Amino acid sequence: MSTPTTLNVVGMPHAAEPRGARWAAALWHAVASFLGAAPKALSRAQEAAEVREMARHLQATDPGFAADLYAAADRHEVSGR
């Protein structure tokens, strides 16, 4: 014999977007574009160097994570994707 099982699912309301958020984002984008504050595209070597620098700072406190960062930087630099 089986016993029926009932599952009650509670719906979660969507998070409301703060008033003016889209307007503020559009304004910020327009000002940044006007001032030429577009981010520069970094080369793979430059990106890897930034990750290695972060790993160097973390070496003393978390050597395992630092080793993972060094390995990820190496993979990123040599992969062409």
Side-chain angles (χ1 to χ4, degrees):
M1 220 170 183
S2 64
T3 305
T5 303
T6 304
L7 177 65
N8 294 325
V9 178
V10 178
M12 298 299 292
H14 294 287
E17 189 173 282
R19 277 185 210 200
R22 288 185 189 198
W23 179 82
L27 178 64
W28 174 255
H29 180 68
V31 170
S33 296
F34 177 74
L35 296 176
K40 293 182 180 180
L42 299 176
S43 70
R44 295 185 85 73
Q46 291 170 322
E47 291 171 342
E50 287 183 1
V51 173
R52 287 186 186 104
E53 181 65 20
M54 185 185 342
R56 189 182 65 76
H57 286 287
L58 292 169
Q59 185 69 41
T61 57
D62 194 349
F65 184 54
D68 290 343
L69 287 175
Y70 281 124
D74 291 342
R75 279 193 309 271
H76 177 71
E77 190 172 17
V78 298
S79 72
R81 294 185 255 170

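Quick caveat, the model's predicted, so the values are computed rather than measured.
- Note that CG of L58 and CG of D68 are 11.0 Å apart. Values are rounded to the nearest 0.5 Å.
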* Asked: When you look at M54 and L69, which way does the side-chain contact (heavy atoms from CB on, under 4.5 Å) test go after all the steps?
  -> CA-CA 8 Å; M54 185 185 342; L69 287 175; 4.3 Å; yes
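- Under the side-chain contact (heavy atoms from CB on, under 4.5 Å) criterion, R52 pairs with A48, Y70, A73, D74, E77, sequence neighbours left out.
- Transitive grouping of hydrophobic side chains (ILVMFWY, heavy atoms separated by less than 4.5 Å) keeps W28 and W23 in distinct clusters.
- A salt bridge links E53 with R56: at least one charged nitrogen is closer than 4.0 Å to a carboxylate oxygen.
- Each of L42 and V51 belongs to its own hydrophobic cluster when Ile, Leu, Val, Met, Phe, Trp and Tyr are linked at side-chain heavy-atom distances under 4.5 angstrom.
- Closest heavy-atom contact between Q46 and A41: OE1-O, 4.5 Å.
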